[in-house]
Amino acid sequence: MRLSAAARRAQLIDVGRAVFAQRGFEGASLEEIADKAKVSRPILYEHFGGKEGLYAVIVDREMEYLVRRIAEAIGTGTPRERVEQAALAFLVYVKDHPDGFAILTKDSPVTVAGGGMQSLLNDVATRVGDVFAASFKNAGYDAKAAPIYAHALIGMVTFVGQWWVDEKKPSVEEVASHIAALAWMGLRHLPKKPSRIGTPKK
């Protein structure tokens, strides 16, 4: 049965996602993607203009989906609940979308706008930073420091997610609780103006 243009495009994205996840951008080839999709290479060029175009669409879709899920997760609840919900949303994505996570955590080609994981983390951390800023301000802390903690949290969750992909245990819910506990206990006892413990040597 002949697929519609929209259905064919969706199929090519699905096949491309799997191939890029397995081989990375440099290792993937249009020949392999076309072969697995049972189409000719010109069909891929017609839809995406080449390998970079297909990769860019896949990365953009994964980023949009993940950012939306995390934004929803931090939309309600107490500050601590939002921290845990953000961590859990990220880890559920890692568990349920392994190919997408593999692509986002691999190096992206310079030609792809957005820069892959670096752009994703900045976007997510900015959203989390807005939540932190409000909480910091209410607690009497300097809201300008919120982005530091937001990037720290997202960076931590990303690396834990990469570890979890190999271990597959404990559950993502339990891992999210541990991350939230570590982050929250640190935030609860945060000094108003952190300073170095040691004195620099002259």
Side-chain angles (χ1 to χ4, degrees), residues 7-39 41 43-44 47-74 84-128 150-180:
R8 176 65 72 194
R9 184 178 176 85
Q11 179 217 15
L12 295 174
I13 289 171
D14 287 342
V15 172
R17 183 189 296 111
V19 174
F20 284 127
Q22 181 181 6
R23 306 198 184 284
F25 178 80
E26 294 300 334
S29 69
L30 283 182
E31 287 83 357
E32 180 177 4
I33 295 170
D35 182 59
K36 288 182 181 295
K38 295 181 171 55
V39 300
R41 282 184 60 183
I43 296 292
L44 280 166
H47 281 276
F48 305 102
K51 187 167 80 166
E52 290 86 357
L54 174 59
Y55 188 85
V57 168
I58 292 170
V59 169
D60 286 346
R61 287 193 174 205
E62 293 300 318
M63 287 172 59
E64 181 183 338
Y65 176 81
L66 179 54
V67 169
R68 185 172 70 250
R69 290 296 303 272
I70 293 178
E72 291 169 356
I74 62 177
E84 183 169 328
Q85 287 162 187
L88 181 57
F90 201 118
L91 291 170
V92 167
Y93 170 79
V94 172
K95 176 170 71 80
D96 294 344
H97 300 264
D99 284 351
F101 183 65
I103 289 171
L104 292 179
T105 51
K106 291 183 188 300
D107 291 335
S108 297
V110 177
T111 53
V112 174
M117 200 62 177
Q118 186 62 45
S119 175
L120 168 76
L121 294 183
N122 284 334
D123 194 347
V124 172
T126 297
R127 292 170 188 250
V128 175
H151 280 80
L153 173 65
I154 296 302
M156 180 166 57
V157 176
T158 302
F159 278 105
V160 171
Q162 290 173 317
W163 165 82
W164 188 89
V165 165
D166 294 327
E167 299 293 326
K168 297 291 191 295
K169 58 183 181 182
S171 69
V172 289
E173 290 79 9
E174 184 177 341
V175 173
S177 295
H178 282 290
I179 292 173

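FYI, side chains are in, hydrogens and waters are out, and symmetry mates aren't considered; it's all heavy atoms of this structure.
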**Request:** Not counting sequence neighbours, which residues clear side chain to side chain contact (heavy atoms under 4.5 Å, CB included) with K38? List them please.
**Result:** none
**Item:** For A7, all residues meeting side chain to side chain contact (heavy atoms under 4.5 Å, CB included), sequence neighbours excluded
**Value:** L3, S4
**Prompt:** Would a 4.5 Å heavy-atom cut-off, applied to side chains only, mark I13 and F48 as touching?
**Reply:** yes
Working to the nearest 0.5 Å, report the span between [atom1] of [X] and [atom2] of [Y].
X    : Y    : atom1 : atom2 : answer
I43  : I33  : CD1   : CD1   : 14.5 Å
I154 : M156 : CD1   : CE    : 9.0 Å
H97  : I103 : NE2   : CD1   : 12.5 Å

With sequence neighbours left out, what residues match [X] under side chain to side chain donor-acceptor pair (under 3.5 Å)?
X    : result
Q11  : R8
R68  : none
E167 : none
H47  : none

List, one per line, each side-chain donor-acceptor pair under 3.5 Å for residues 169-180, sequence neighbours excluded.
unit_1: S171; atom_1: OG; unit_2: E174; atom_2: N; d: 3.2
unit_1: S177; atom_1: OG; unit_2: E84; atom_2: OE2; d: 3.3
unit_1: S177; atom_1: OG; unit_2: E173; atom_2: O; d: 3.1

Donor-acceptor pairs are to be reported for all side-chain atoms of residues 85-96 against protein atoms at under 3.5 Å, with residues two or more places apart or in another chain.
unit_1: Q85; atom_1: NE2; unit_2: A73; atom_2: O; d: 2.5
unit_1: Q85; atom_1: NE2; unit_2: T76; atom_2: O; d: 3.1
unit_1: Y93; atom_1: OH; unit_2: E62; atom_2: OE1; d: 2.6
unit_1: Y93; atom_1: OH; unit_2: F101; atom_2: N; d: 3.4

**Message:** If the condition is salt bridge (Lys or Arg N to Asp or Glu O under 4.0 Å), which residues does R61 pass it with, not counting sequence neighbours?
**Reply:** none
**Fill in**
Smallest heavy-atom separation, R17 atom then I58 atom, equals N-CD1, 3.4 Å
**Prompt:** Of V19, L44, D35, which is the lone residue that meets side chain to side chain contact (heavy atoms under 4.5 Å, CB included) with L30?
**Reply:** L44
**Prompt:** What pairs with F159 under ring-ring contact (aromatic ring centres under 6.0 Å, His included), at least two apart in sequence or on another chain?
**Reply:** none
**Message:** Apply side chain to side chain contact (heavy atoms under 4.5 Å, CB included) to residues F20 and L54 and explain how you reach the verdict.
**Reply:** CA-CA 10 Å; F20 284 127; L54 174 59; 4.0 Å; yes
**Item:** Pairs involving residues 155-164, ordered by first then second residue, that meet salt bridge (Lys or Arg N to Asp or Glu O under 4.0 Å) (sequence neighbours left out)
**Value:** none
